[in-house]
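Written below as structure tokens is the structure these notes are about.
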There are 2 protein chains.
Amino acid sequence: MTREERRHQLARLIQEEPFISDRELAQRFGVSVQTIRLDRASLGIPQLRERTRKLARMAYSQLRSVGADEVVGELLEMELGRRALSVMETTERMALSGSGVVRGHHLFAQANSLAVSVIDASQALTGRARLRFVKPVRVGERVVAVATVVRQRQGRFWVDVESRVQGEPVFQGRFLVVVPGP
Amino acid sequence: MTREERRHQLARLIQEEPFISDRELAQRFGVSVQTIRLDRASLGIPQLRERTRKLARMAYSQLRSVGADEVVGELLEMELGRRALSVMETTERMALSGSGVVRGHHLFAQANSLAVSVIDASQALTGRARLRFVKPVRVGERVVAVATVVRQRQGRFWVDVESRVQGEPVFQGRFLVVVPGP
DNA sequence: TCCGGCCTTAGCACCAGGTGCTAATCCCCG
DNA sequence: CGGGGATTAGCACCTGGTGCTAAGGCCGGA
């Protein structure tokens, strides 16, 4: 096995089994621990503890964001009752397995949560929506959504959301957001 | 502060901030590291690294299991190209914090994934959709969605989805699902 | 044949964040 | 004033590393 082959396999193995130590890796590849260290260094793969910490923080932030992610994606601008803007990074887990195409409901989730949060009311709910998925979004692309309140009448708000990737429209939606009760 | 008080607070603090070392804990409570160690031991709280590993494994198992959910919810019936039925349990994390009302995009996700999967094609994508959120769904309710293919014409399928809780409609949607290609 | 390079291995000191143990102190109460 | 629980200190040791220096092994070219 050449060095390049080993490094490729090493990267893949660590990807699949993040909780593996250098010692174990060395045994699996039949090389010394030092070689594994060099390989990791050249591949920019952090040490076991670092990898573990990263995963743990993911779990933790997810636990935290039960309730914390009022907005799906990251809220960038907010003019309450008028306009809001958010950005969402797309990842593999948002795609149909293997296809690399982000599933529609993630785009909808970003747009919907933005549309609801732009309304200046704690109890806003989506009533109706009309959507167009203009162009498939691929994993890794950053989706920027802009929500604009276009009309409002006593507790009923029409909000338009347009999402773009690199300036190109990928999704359009019109949401009727209602605030129940007077 | 009595020892019991300190231990109570210690347990709570670690619960809230799992990534805290004994050193930091010692500083916060103004005691020595050894005292913290004794406290942890008597409370059965594992060391930082152990706590981190536990969280990381949670994240990892979650990561593994996502991507597998081609259908959001559980698929109960499937007549490819005609009709499909799924059920989704709603949990606290699907709700706006505190409100107890499930957010629209979870209903949409169930409906959308069902609409896409009822189509007999690997590369089906949502093109357009029209939605009505008829009635708020509360956390803990089981949402049953039925998707019916109502019309189809060369790679374009209209799919109606109706979701109910206890027989009562909560969501209706009409999806245009497209299968790209020839 | 020998030499230069690349790859690999070895060895050592050091690090964080601990465990496990023993030995001192503190401080309060009777 | 003494006794005892609570606290602290000190030391050796552990894992899973980093960073550095030094030494081999092997292969191709002159």
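Every value quoted in this text rests on a predicted model; they were computed, and no experiment measured them. Every chain is numbered from 1, with letters handed out A, B, ... down the list of sequences.
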* To do: Classify the nucleic acid contact of B:Val33 as base, sugar-phosphate or nothing, counting any heavy atom under 4.0 Å across all strands shown.
  =>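 Nothing: the residue B:Val33, judged by heavy atoms under 4.0 Å, touches no strand.
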
* End axis versus end axis in the helix from C:dT1-D:dA30 to C:dG30-D:dC1, the angle rounded to 10°, five pairs used at each terminus ->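 Here the local axes at opposite ends form an angle of 20°.
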
Check this one for me: any side-chain N or O of [X] less than 4.0 Å away from OP1 or OP2 of [N]?
X	N	value
B:Thr35	D:dT8	yes
B:Arg23	C:dG17	yes
B:Arg3	D:dA6	yes

Can you give each donor-acceptor pair under 3.5 Å made by side-chain atoms of residues 71-79 of chain B, sequence neighbours left out, with the distance rounded to 0.1 Å?
unit_1  : atom_1 : unit_2  : atom_2 : d
B:Glu77 : OE1    : B:Arg83 : NH1    : 3.2
B:Glu79 : OE2    : B:Arg82 : NE     : 3.2

Atom pairs, protein N/O to nucleotides 18-25 of chain D N/O, distance under 3.5 Å:
unit_1 : atom_1 : unit_2  : atom_2 : d
D:dT18 : OP1    : A:Arg40 : NH1    : 3.3
D:dT18 : OP1    : A:Arg40 : NH2    : 3.4
D:dT18 : OP2    : A:Arg40 : NH2    : 3.0

Interatomic distance where [atom1] belongs to [X] and [atom2] belongs to [N] [whole Å]:
X	N	atom1	atom2	result
B:Phe19	C:dG17	CZ	C1'	15 Å
A:Ile14	D:dG16	CD1	P	14 Å
A:Glu50	C:dC15	CD	P	18 Å
B:Leu38	D:dA9	CG	P	13 Å
B:Arg49	D:dT15	CZ	P	11 Å
B:Arg6	D:dA6	CZ	P	10 Å
B:Arg51	C:dT19	CZ	C1'	14 Å
B:Ile20	C:dA16	CD1	P	17 Å

* Could you say whether B:Arg53 or B:Ser32 is positioned toward the 5' end of DNA chain D, judged by the nucleotide with the nearest heavy atom to each? =>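 Nearest-nucleotide comparison on DNA chain D picks B:Ser32.
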
* Asked: Quick one: ring pair (Phe, Tyr, Trp, His ring centres under 6.0 Å) pairs with a partner in residues 150-176 of chain B, sequence neighbours left out?
  ->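 Passing the test, one end in residues 150-176 of chain B: B:Phe108-B:Phe175, B:Phe133-B:Phe171.
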
Could you tabulate the donor-acceptor pairs under 3.5 Å formed by side-chain atoms of residues 139-152 of chain A, not counting sequence neighbours?
unit_1   : atom_1 : unit_2   : atom_2 : d
A:Glu141 : OE1    : A:Arg138 : N      : 2.7
A:Arg142 : NH1    : A:Glu89  : OE2    : 2.3

* May I ask you to test the B:His106-B:Thr91 pair for a side-chain heavy-atom distance under 4.5 Å? =>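 Contact flag for B:His106/B:Thr91 side chains = no.
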
* To do: Give a yes/no verdict on a cation-pi contact between B:Arg57 and A:Phe19, requiring under 6.0 Å between NZ or CZ and the six-membered ring centre and an angle within 45° of the axis.
  =>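 Positive - B:Arg57 is close enough to the ring of A:Phe19 and near enough to its axis.
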
* Where do B:Arg28 and B:Gln9 land on the side-chain contact (heavy atoms from CB on, under 4.5 Å) test, with the steps shown first? -> CA-CA 11 Å; B:Arg28 294 227 196 166; B:Gln9 288 190 31; over 6 Å; no

* **Lys/Arg-Asp/Glu bridge criterion (N-O < 4.0 Å) met for B:Glu50, B:Arg40** =>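 Answer for the salt bridge query: no.
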
* Asked: Among all residues two or more places apart in sequence or in another chain, which pass the side-chain contact (heavy atoms from CB on, under 4.5 Å) test with B:Glu168?
  ->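 B:Glu168 satisfies side-chain contact (heavy atoms from CB on, under 4.5 Å) with B:Lys135 once adjacent residues are dropped.
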
* Side chain of A:Arg51, backbone of A:Pro18: donor and acceptor closer than 3.5 Å? ->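 Yes, the answer is positive, given that a donor and an acceptor are paired below the 3.5 Å cut-off.
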
